[in-house]
Amino acid sequence: MASHLSESEVQRLLQIAREAVGHAARREPLPSLALDREPPNLRHPGCAFVTLTKGGLLRGCIGGLEARLPLAEDVWQHAYMAATEDFRFLPVEASELPALELEISILTEPSPLAYDGAEDLLHKVRPLVDGVILTAGLRRATFLPQVWEKVPQPEEFFDRLAEKAGLPPDAWRDRGVEIQTYQVLSFHESQPPVG
C-alpha cells in the first residue's frame, strides 16, 4: 500500500480526483493524464476507490480491487466513474461540484481469510480495519473498512455485503463462499491520511 505517500502526493491525488469529477460533471470526455509529469510514487501500480459525498450522504463510489494501473491513473479513472457510472445514482451535475466532498481509499492487496464456519469468520474479521470481499461463484462484492462505521455489527455487515453481491443475506454462512480482506489508506479533502 502507498503508506509512504507524502503530503504533497496525497494532495496531488485529491487534485487529480477533483479534476476528473469536474470533467464528468461538465459532461466532458476524460482526457489522458500526463503520467510522466506525476511524482514517481504515483506512477507505481496502485488500486483505489473514490467516494463522493454530498451533505454527508453517499453520492457515488467506484474503485477496483487489483492494482492494474499506475495509482494516479487509477484514481483519475475511478473518480470520473464515481461521478458518472455508479448505478445507484444519477450522474453528478456541474451545479453539485461545490458541495461534493471526495475521499480516496488506497487498497492493500487482498488476502484470503481462512476461517472455520460463520462464527469463526465473525471473530477473525476486524471491524474498522478490514475491508471485505465476498465471492460466490461469479458474484462478488466488497465493503471498504469505512462501511463498519455505518454497519458496526458483523452479522449485519455480512448480510448486507451478501445482498450487495446479489445473494441471499445469509449466503456468507455457506462454506462455498470465499472471503478476502484488505486494508486501506484513506484521505479526503479536509483531513490528513488515515490508515
Side-chain angles (χ1 to χ4, degrees), residues 1-3 10 13-14 17-18 21 24 47-66 74-75 78-93 96-111 113 115 118-136 139-174 177-195:
M1 181 167 51
S3 58
V10 165
L13 286 176
L14 289 167
R18 176 62 70 175
V21 169
C47 183
F49 269 74
V50 177
T51 303
L52 311 177
T53 54
K54 181 180 172 186
L57 299 175
L58 183 63
R59 185 61 182 85
C61 181
I62 288 189
L65 297 171
E66 297 169 11
D74 186 89
V75 168
H78 285 134
Y80 190 89
M81 293 166 65
T84 58
E85 296 182 21
D86 188 326
F87 67 90
R88 299 168 291 182
F89 304 97
L90 291 172
V92 168
E93 300 286 339
E96 296 179 86
L97 287 172
L100 286 181
E101 185 165 332
L102 282 65
E103 180 178 13
I104 299 171
S105 299
I106 302 172
L107 282 62
T108 61
E109 185 175 341
S111 301
L113 182 65
Y115 63 98
E119 291 305 313
D120 191 36
L121 172 60
L122 296 176
H123 290 297
K124 285 190 172 176
V125 72
R126 300 172 299 169
L128 300 172
V129 175
D130 291 331
V132 179
I133 303 166
L134 180 149
T135 306
R139 297 186 179 271
R140 181 167 84 161
T142 190
F143 277 156
L144 295 170
Q146 295 93 311
V147 174
W148 289 105
E149 295 170 15
K150 293 188 169 78
V151 189
Q153 298 302 319
E155 288 193 31
E156 183 183 358
F157 181 94
F158 279 100
D159 285 351
R160 290 194 185 184
L161 183 57
E163 289 178 320
K164 184 179 178 187
L167 299 165
D170 63 351
W172 59 274
R173 296 177 178 276
D174 188 325
V177 170
E178 179 186 348
I179 301 292
Q180 294 173 285
T181 59
Y182 57 87
Q183 292 75 49
V184 301
L185 171 69
S186 66
F187 43 89
H188 54 81
E189 291 168 309
S190 60
Q191 187 182 47
V194 175

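Heads up: numbering here begins at 1 and tracks the sequence. Since we're looking at a predicted model, the values are computed, not measured.
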- Check whether any side-chain heavy atom of Gln183 lies under 4.5 Å from a side-chain heavy atom of Asp130, and answer yes or no. yes
- Note on the structure: Between Val75 and Ala48, the two heavy atoms sitting closest are CG2-CB, 3.9 Å
- Task: Mind checking side chain to side chain contact (heavy atoms under 4.5 Å, CB included) for Gln153 and listing every partner two or more places apart, or none if nothing turns up?
- Result: Glu156
- List the atom of Glu189, the atom of Leu102, and the distance in Å for their closest heavy-atom pair. OE1-N, 3.2 Å
- Message: Quick check: do Leu144 and Tyr182 have side-chain heavy atoms less than 4.5 Å from each other?
- Response: yes
- Check whether any side-chain heavy atom of Phe157 lies under 4.5 Å from a side-chain heavy atom of Val125, and answer yes or no. no
- Item | CG-CZ distance between Leu13 and Phe187, expressed to the nearest 0.5 angstrom | 4.5 Å
- Message: For Lys54, give me all partners under side chain to side chain contact (heavy atoms under 4.5 Å, CB included), at least two apart in sequence or on another chain.
- Response: Arg59, Glu96, Ala99, Leu100
- Query: So, for Ala171 and Val177, which heavy atoms are closest and what is the spacing to 0.1 Å?
  - Reply: O-CG2, 3.1 Å
- Query: Considering all heavy atoms of both residues, which atom of Ala82 and which atom of Val50 are nearest to each other, and what is their separation?
  - Reply: CB-O, 3.6 Å
- Task: Step by step, work out the side-chain contact (heavy atoms from CB on, under 4.5 Å) result for Arg173 and Glu119.
- Result: CA-CA 9 Å; Arg173 296 177 178 276; Glu119 291 305 313; 4.2 Å; yes
- When rounded to the nearest 0.5 Å, the distance separating CG of Leu161 from OG1 of Thr142 is 6.5 Å
- Considering non-hydrogen atoms only, spot the tightest contact between Ile104 and Ala17 and give its length. CD1-CB, 4.0 Å
- Message: Quick one, Trp172 and Leu134 - any side-chain contact, counting heavy atoms below 4.5 Å?
- Response: yes
- Shortest non-hydrogen contact from Arg139 to Ala165? CD-O, 3.2 Å
- Message: Can you confirm whether Leu90 is buried at CG, in the sense that more than 12 heavy atoms of other residues, nucleotides or ligands lie under 6.0 Å from that atom?
- Response: no
- Message: Donor-acceptor pair, distance only, cut-off 3.5 Å: does the side chain of Asp86 make one with the backbone of Cys61?
- Response: yes
- Task: Indicate yes or no: at least one non-hydrogen side-chain atom of Leu58 is less than 4.5 angstrom from one of Arg88.
- Result: yes
- Task: Please state whether the rings of Phe49 and His78 are parallel, tilted or perpendicular, taking 30° and 60° as the class boundaries.
- Result: parallel
- Task: Would you check if Thr84 and Val92 make a side-chain contact, meaning some heavy-atom pair closer than 4.5 Å?
- Result: no
- Leu65 side chain reached by Arg140 side chain, heavy atoms, under 4.5 Å: yes
- Query: Are Val184 and Ile106 close enough that some pair of their side-chain heavy atoms sits under 4.5 Å apart?
  - Reply: no
- Spacing of NE2 belonging to His188 relative to CG belonging to Leu14, to within rounding of 0.5 Å: 9.5 Å
- Message: Please determine whether side-chain contact (heavy atoms from CB on, under 4.5 Å) holds for the pair Ile179 and Ile133, giving the CA-CA distance in whole Å, both sets of side-chain angles, and the decisive distance to 0.1 Å.
- Response: CA-CA 6 Å; Ile179 301 292; Ile133 303 166; over 6 Å; no
